[in-house]
Number of protein chains: 2
Amino acid sequence: MATGRTHRPATRSRGIPEATVARLPLYLRALTALSERSVPTVSSEELAAAAGVNSAKLRKDFSYLGSYGTRGVGYDVEYLVYQISRELGLTQDWPVVIVGIGNLGAALANYGGFASRGFRVAALIDADPAMAGKPVAGIPVQHTDELEKIIKDNGVSIGVIATPAGAAQQVCDRLVAAGVTSILNFAPTVLSVPDGVDVRKVDLSIELQILAFHEQRKAGEETAAGDGARPAATPREESADQGPDGDVPAVMPA
Amino acid sequence: MATGRTHRPATRSRGIPEATVARLPLYLRALTALSERSVPTVSSEELAAAAGVNSAKLRKDFSYLGSYGTRGVGYDVEYLVYQISRELGLTQDWPVVIVGIGNLGAALANYGGFASRGFRVAALIDADPAMAGKPVAGIPVQHTDELEKIIKDNGVSIGVIATPAGAAQQVCDRLVAAGVTSILNFAPTVLSVPDGVDVRKVDLSIELQILAFHEQRKAGEETAAGDGARPAATPREESADQGPDGDVPAVMPA
DNA sequence: CTCTGTGAAACCCTTCACAGCG
DNA sequence: CGCTGTGAAGGGTTTCACAGAG
């Protein structure tokens with residue numbers, strides 16, 4: 001499903017749009033911050049600003065989850081945190097393995113936001129025998145030979161690939177064969193996976209290239225249009241809507 | 001879109017859709033691989049498969065760039081590599097600074113794909129005085145105090161933020177004030193920036209949460225529907241199209 | 001006859017604007 | 001009266017399907 005689609009009414013009656021799913025983590029983060037400051041309720045306007053989207057979008061998104069707000073008041077922070085967590089499946093624990101413990105893999109292993117909120121690094125795996133046994137972020141690295149056993153013993157369904165591009169597809173195949181059905185790929189390659197397996201990719205150089213495209217445009221415009229002072233004298237910034245958000249889903253049905 | 005918008009016809013007459021821009025780097029990577037294997041031409045079908053999209057989409061994307069193919073034959077690999085590079089602004093060199101040299105920042109500094117293809121790490125910046133002078137990936141780390149000077153001396157317009165969440169907005173403000181107009185944000189926060197500044201974010205925990213959402217669905221469906229064989233009896237799934245692609249742009253105009 | 005380039009249809013997502021609950 | 005929830009309108013993106021260049 002990834003895409004779900006109109007096939008059968010998909011799971012139950014709620015077909016949450018992918019674009020909405022991609023924003024739920026953003027709302028959750030903003031709500032968690034409010035929760036920590038003991039703020040009891042928020043309006044769609046305030047929460048939207050904190051999450052970097054506009055309020056209409058936020059209300060529409062929440063409408064897919066149900067009617068969790070109170071008209072004239074706003075949303076109960078704690079209640080929403082719970083509802084969104086549940087919707088995202090974060091009320092359960094997801095064991096994750098990271099394959100490829102180079103610079104990036106190690107950084108990921110050390111990343112705090114990882115462990116928090118539902119995810120637990122079950123194992124670190126690397127092909128280099130010299131790495132075996134060495135602890136990274138307090139977890140001993142295991143050799144690739146153990147991959148299948150680790151996946152099965154820990155019931156891992158989510159794998160993170162941080163290997164060089166050349167090894168990614170092979171690692172991916174082994175992960176999938178061992179039972180992993182969701183993969184977060186940091187290697188700069190297109191992975192092919194069977195139906196039913198979701199892949200999301202994070203690609204640094206692609207992001208930079210997209211920025212370069214826009215940067216180039218700006219440079220071109222300067223010459224063409226105005227100029228003079230700073231291009232952007234503007235700062236108005238309406239604040240709100242912004243954010244990098246943008247990502248539309250990407251999980252593909254494979 | 002993000003940028004541009006209908007304001008003025010935007011730059012020139014070609015308004016390349018954001019979704020297309022986001023895929024150009026993918027095509028470029030696939031083409032580069034073909035180029036290295038000295039493949040002279042490719043059909044839309046082959047190239048699409050290599051990039052993980054479907055051929056109709058690829059042809060439509062290329063149609064925004066112009067008519068670079070030959071009917072009955074396909075596309076000339078070298079020529080396309082050049083055209084896409086130019087369109088993305090990769091024929092020029094983009095100096096980039098990375099701020100926050102922790103685990104992640106160091107991993108980014110060491111990332112090869114970074115240096116290649118148009119980007120050059122002009123400086124590494126960190127707030128920790130103890131880091132100053134220490135070389136990371138062969139580049140000595142400089143203290144945050146130097147930030148403005150570094151940006152100006154090197155003509156940097158693209159900045160990468162890899163600091164803890166708490167420091168990100170402040171670093172962002174300084175980068176922007178110093179002249180940076182494109183930011184790639186790895187810190188888990190929503191940044192606010194003035195008009196004219198593009199921000200893209202890469203957020204690990206968000207990606208994982210999206211995967212968890214789908215993972216949860218799969219688990220639920222198993223119980224509910226069919227079972228037996230493969231859960232997905234469904235999908236039309238035509239194979240091809242795949243890939244993580246998905247990303248819709250995200251650069252917002254601030 | 002093959003494979004590109006592209007109108008047109010179909011979809012999905014966002015934005016608008018307001019009915020109506022509290 | 002404020003703020004949510006939501007039909008309806010408006011864009012943008014993807015897919016279809018085919019005209020037509022080579």
Side-chain angles (χ1 to χ4, degrees), chain A residues 2-7 10 15-24 27 41-49 52-76 79-80 238 240-243 245-253, chain B residues 1-6 10 15-24 27 41-49 51-76 79-80 236-243 245-253:
Chain A
T3 45
R5 224 317 166 278
T6 353
H7 207 30
I16 303 180
E18 273 295 329
T20 294
V21 172
R23 280 187 296 267
L24 292 181
Y27 301 142
T41 59
V42 252
S43 66
S44 63
E45 202 68 57
E46 296 166 323
L47 183 54
V53 302
N54 67 48
S55 62
K57 200 185 285 184
L58 177 143
R59 287 200 302 279
K60 179 65 89 177
D61 283 342
F62 285 0
S63 78
Y64 294 116
L65 308 184
S67 289
Y68 296 150
T70 306
R71 295 171 191 237
V73 180
Y75 301 90
D76 181 275
Y79 186 57
L80 248 193
E238 60 188 18
D241 186 58
Q242 191 295 264
D245 95 310
D247 251 16
V248 144
V251 183
M252 10 61 41
Chain B
M1 113 226 349
T3 47
R5 214 338 158 266
T6 356
I16 302 180
E18 274 294 331
T20 295
V21 172
R23 280 186 297 266
L24 292 181
Y27 301 142
T41 59
V42 251
S43 66
S44 62
E45 202 68 56
E46 295 165 325
L47 183 53
V53 303
N54 67 49
S55 63
K57 199 185 284 185
L58 177 143
R59 287 199 304 278
K60 178 66 84 175
D61 283 343
F62 285 179
S63 78
Y64 294 117
L65 309 183
S67 289
Y68 297 150
T70 306
R71 294 172 191 238
V73 179
Y75 301 90
D76 180 273
Y79 187 58
L80 247 194
R236 28 89 83 247
E237 185 57 77
E238 56 192 21
S239 87
D241 188 59
Q242 191 293 323
D245 98 305
D247 251 16
V248 143
V251 184
M252 6 65 33

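In what follows, every chain begins at residue 1, and chains take the letters A, B, ... in the order their sequences are listed. The structure presented is a predicted model; accordingly, all values stated were derived computationally and were not measured.
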task = Tell me, please, which residues at least two apart from F62(B) pass ring pair (Phe, Tyr, Trp, His ring centres under 6.0 Å).
result =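 Counting only residues at least two positions away or on another chain, F62(B) forms a ring pair (Phe, Tyr, Trp, His ring centres under 6.0 Å) with Y27(B), Y75(B).
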request  = Please report the closest heavy-atom contact between T41(A) and D76(A), naming both atoms and the distance.
outcome  =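 Residues T41(A) and D76(A), closest heavy atoms: CG2-CA, 4.2 Å.
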key: side chain to side chain contact (heavy atoms under 4.5 Å, CB included), paired with S44(B), selected from L58(B), N54(B), V53(B)   =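 It is L58(B); the other options fail the test.
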ask   = Just by distance, do the side chain of S43(A) and the backbone of E46(A) share a donor-acceptor pair under 3.5 Å?
value =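 A pair under 3.5 Å: yes.
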Whole Å only: how far is the [atom1] atom of [X] from the [atom2] atom of [N]?
| X | N | atom1 | atom2 | result |
| --- | --- | --- | --- | --- |
| L58(B) | dC3(C) | CG | P | 14 Å |
| R71(B) | dC3(C) | CZ | P | 14 Å |
| E45(B) | dC1(C) | CD | C1' | 17 Å |
| Y64(A) | dT4(D) | OH | C1' | 15 Å |
| Y27(B) | dT4(C) | OH | P | 13 Å |
| E18(B) | dG11(D) | CD | C1' | 14 Å |
| K57(A) | dA17(C) | NZ | C1' | 18 Å |
| Y75(A) | dT4(D) | OH | P | 5 Å |

Measure from the side chain of [X], starting at C-beta and using heavy atoms only, and say which of [options] lies closest.
| X | options | result |
| --- | --- | --- |
| R59(A) | dA17(D), dA8(C), dT4(D) | dT4(D) |
| A56(B) | dC16(C), dG5(C), dC16(D) | dC16(D) |
| R23(A) | dT6(D), dT14(C), dT13(D) | dT14(C) |
| N54(A) | dT15(C), dA21(D), dG22(C) | dT15(C) |

query = Is F62(B) touching bases, backbone alone, or none of the nucleic acid, heavy atoms closer than 4.0 Å?
reply =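 Nothing, no heavy atom under 4.0 Å.
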ask   = Does some side-chain heavy atom of L24(A) sit less than 4.5 Å from a side-chain heavy atom of L65(A)?
value =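 Of all side-chain heavy-atom pairs linking L24(A) with L65(A), at least one is under 4.5 Å.
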Runs of at least three Watson-Crick or G-U pairs with DNA chain D, cut-off 3.5 Å =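 So far as stems of 3 or more pairs are concerned, DNA chain D shows C:1-22 with D:1-22.
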ask   = Which residue lies toward the 5' end of DNA chain D, K60(A) or V42(A), if each is placed at its nearest nucleotide?
value =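 Result: V42(A).
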key: Phosphate OP1/OP2 of dT4(D) contacted by S44(A) side-chain N/O (<4.0 Å)   =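 For dT4(D), OP1 or OP2 has a side-chain N or O of S44(A) closer than 4.0 Å.
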task = Specify the residue among V73(A) and P17(A) whose closest nucleotide of DNA chain C lies further upstream toward the 5′ end.
result =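 This one resolves to P17(A).
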message = Run the side chain to side chain donor-acceptor pair (under 3.5 Å) test against T20(A) and tell me which residues pass, sequence neighbours left out.
response =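 Partners of T20(A) under the side chain to side chain donor-acceptor pair (under 3.5 Å) test: D61(A).
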